[in-house]
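Read through the structure below, which is laid out as structure tokens, and then see the notes.
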Amino acid sequence: MRPAATLLALTCAAAFGGFAATAVDGLLDNRAEATPAPAPVAPLAPAPLPLPAAAAALPAAIDGQALPSLAPMLKQVMPAVVSVHTKQRVKVRNPFFDDPMFRRLFPQVPQERINESLGSGVIIDAARGYVLTNHHVIEGADDVSVTLADGRTLKAEFLGSDRDTDVALIRIPAENLAGLPLGDSGRLQVGDYVVAIGNPFGVGQTVTNGIISALNRTETGISDSGSFIQTDAAINPGNSGGALVDMDGDLIGINTAIF
């Protein structure tokens with residue numbers, strides 16, 4: 001059994017990031033910003049296509065060995081990864097609102113708007129309801145709610161955050177939660193397989209996989225602490241705050257930025 005304090009320190013000091021390096025023309029905004037909440041759309045139901053004969057005949061095993069699958073590990077991990085929904089009340093700056101006559105004549109004109117965004121988070125302590133996410137996901141939010149993998153939506157309480165490493169801790173009611181064990185990011189090596197889990201573009205929980213491309217990255221524009229892991233696992237807006245896990249299903253990073 002790993003000492004909890006040591007694991008938390010290692011994760012905070014050396015793991016947060018898991019930023020994806022995808023080749024694009026020029027350096028883009030490097031934050032994996034929480035994606036704006038999408039407008040409801042009608043579900044798409046494309047007709048299923050017939051499988052090619054070769055694909056239908058793929059073996060379930062080779063030389064008596066079952067084909068490898070991440071499914072058993074993901075069944076344990078995915079219930080601990082959540083969606084984080086934030087609302088921020090923003091005052092509308094309009095000089096006419098300073099005129100009492102204008103406000104009396106046009107009381108229906110809104111003087112504030114609600115900005116909504118979606119990100120991801122990871123339950124790290126099921127007994128206490130602690131959820132780890134990004135600082136930039138909840139920064140400035142007036143209301144934060146968490147949607148669990150089983151569909152429940154719970155109001156979250158802000159506990160604290162660190163801008164330099166872009167992490168934040170929130171709390172939800174601890175009722176029938178699943179948490180992720182904290183791994184030791186100090187033992188990672190370039191080439192280790194990892195899996196990123198989050199809620200990209202608000203489409204729902206999504207899994208991508210890759211390897212660790214580099215360790216101790218400092219050229220992120222976020223922090224010079226050298227605490228960031230680079231991975232080629234696909235990470236998109238909305239993945240912010242989601243989990244980067246190793247093949248044992250241990251949390252070794254928080255998805256934070258995109259190049």
>> Could you check whether any side-chain N or O of T206 sits under 3.5 Å from a backbone N or O of G204, counting only pairs where one atom can act as donor and the other as acceptor?
In response: yes
> To the nearest 0.5 Å, how far apart are OH in Y130 and CZ in R171?
Replying inline: 5.5 Å
> Got a sec, which residues hit salt bridge (Lys or Arg N to Asp or Glu O under 4.0 Å) with K155, two or more places apart in sequence or on another chain?
Replying inline: D143
> Take atom CZ in R128; do more than 12 heavy atoms of anything else shown fall under 6.0 Å from it?
Replying inline: no
> Got a donor-acceptor contact below 3.5 angstrom from the N236 side chain to the P200 backbone?
Replying inline: no
>> Any side-chain to backbone donor/acceptor pair from Q88 onto E116? Under 3.5 Å, distance only.
In response: no
> Do we see a donor-acceptor contact under 3.5 Å between the side chains of H135 and D166?
Replying inline: no
> Can you find a pair of side-chain heavy atoms, one from R217 and one from I229, that are under 4.5 Å apart?
Replying inline: no
> Passes side chain to side chain donor-acceptor pair (under 3.5 Å), S117 versus T86? Steps please.
Replying inline: CA-CA 5 Å; S117 64; T86 67; 2.7 Å; yes
>> When you measure from the side chain of D246 to the backbone of D250, do you find a donor-acceptor pair of N or O atoms at a distance under 3.5 Å?
In response: yes
> Given I170, which of V82, V137, L132, V131 fulfils the side chain to side chain contact (heavy atoms under 4.5 Å, CB included) condition?
Replying inline: V131
> What heavy-atom pair brings G179 and A126 nearest, and what distance separates the two atoms?
Replying inline: N-CB, 3.8 Å
> Are any of the side-chain heavy atoms of V144 and V84 separated by less than 4.5 Å?
Replying inline: yes
>> Less than 4.5 Å apart, side chain to side chain, heavy atoms only: is that true for I254 and L244?
In response: no
>> Using modelled atom types and a 3.5 Å cut-off, is there a donor and acceptor pairing between side-chain atoms of S83 and backbone atoms of L118?
In response: no
> Which residues pass the salt bridge (Lys or Arg N to Asp or Glu O under 4.0 Å) test with D162, sequence neighbours left out?
Replying inline: none
> Side-chain contact, heavy-atom cut-off 4.5 Å: N216 with F228?
Replying inline: no
> Hey, mind stepping through I212 and Q189 against side-chain contact (heavy atoms from CB on, under 4.5 Å) and telling me if it holds?
Replying inline: CA-CA 7 Å; I212 293 176; Q189 299 182 69; over 6 Å; no
> To the nearest 0.5 Å, what is the distance between CG (L148) and CG (L177)?
Replying inline: 6.0 Å
>> For a quick test of reading the model, state the closest non-hydrogen atom pair linking A234 to A196 and the distance between them.
In response: O-CB, 4.4 Å
> Is a side-chain donor or acceptor of D232 paired with a backbone partner of I211 at a separation under 3.5 angstrom?
Replying inline: yes
>> Which residue is it: V195, L180, L251? I am looking for the one with a side chain to side chain contact (heavy atoms under 4.5 Å, CB included) to V77.
In response: L180
>> What verdict does the side chain to side chain donor-acceptor pair (under 3.5 Å) test give for T231 and S213, after you've listed the backbone C-alpha separation in whole Å, the side-chain angles of each residue and the deciding distance to 0.1 Å?
In response: CA-CA 5 Å; T231 177; S213 304; 5.3 Å; no
> CZ of F158: more than 12 outside heavy atoms within 6.0 angstrom?
Replying inline: yes
> What pair of heavy atoms forms the shortest contact from P79 to A149, and how long is it?
Replying inline: CA-CB, 3.9 Å
> Does a side-chain heavy-atom distance below 4.5 Å link L215 with L188?
Replying inline: yes
> Hey, does the side chain of S145 reach the backbone of T153 with a donor-acceptor pair shorter than 3.5 angstrom?
Replying inline: no
> Once you round to the nearest 0.5 Å, how far does CG of L169 lie from CD1 of I124?
Replying inline: 5.5 Å
> In Å, rounded to the nearest 0.5 Å, how long is the span from CD1 of I138 to NE2 of H85?
Replying inline: 14.5 Å
> Atom CZ in R152, atom CG in N176: separation rounded to 0.5 Å?
Replying inline: 5.5 Å
> What pair of heavy atoms forms the shortest contact from Q205 to N199, and how long is it?
Replying inline: N-OD1, 4.2 Å
> Quick one: does N134's side chain have a donor or acceptor within less than 3.5 Å of a partner on H136's backbone?
Replying inline: no
> Shortest non-hydrogen contact from V122 to G241?
Replying inline: CG2-O, 3.6 Å
> From L74 CG over to N209 CG, what is the distance, rounded to the nearest 0.5 angstrom?
Replying inline: 9.0 Å
> Counting distance only, does the side-chain N/O of Q76 pair as donor-acceptor with the main-chain N or O of G249 below 3.5 Å?
Replying inline: no
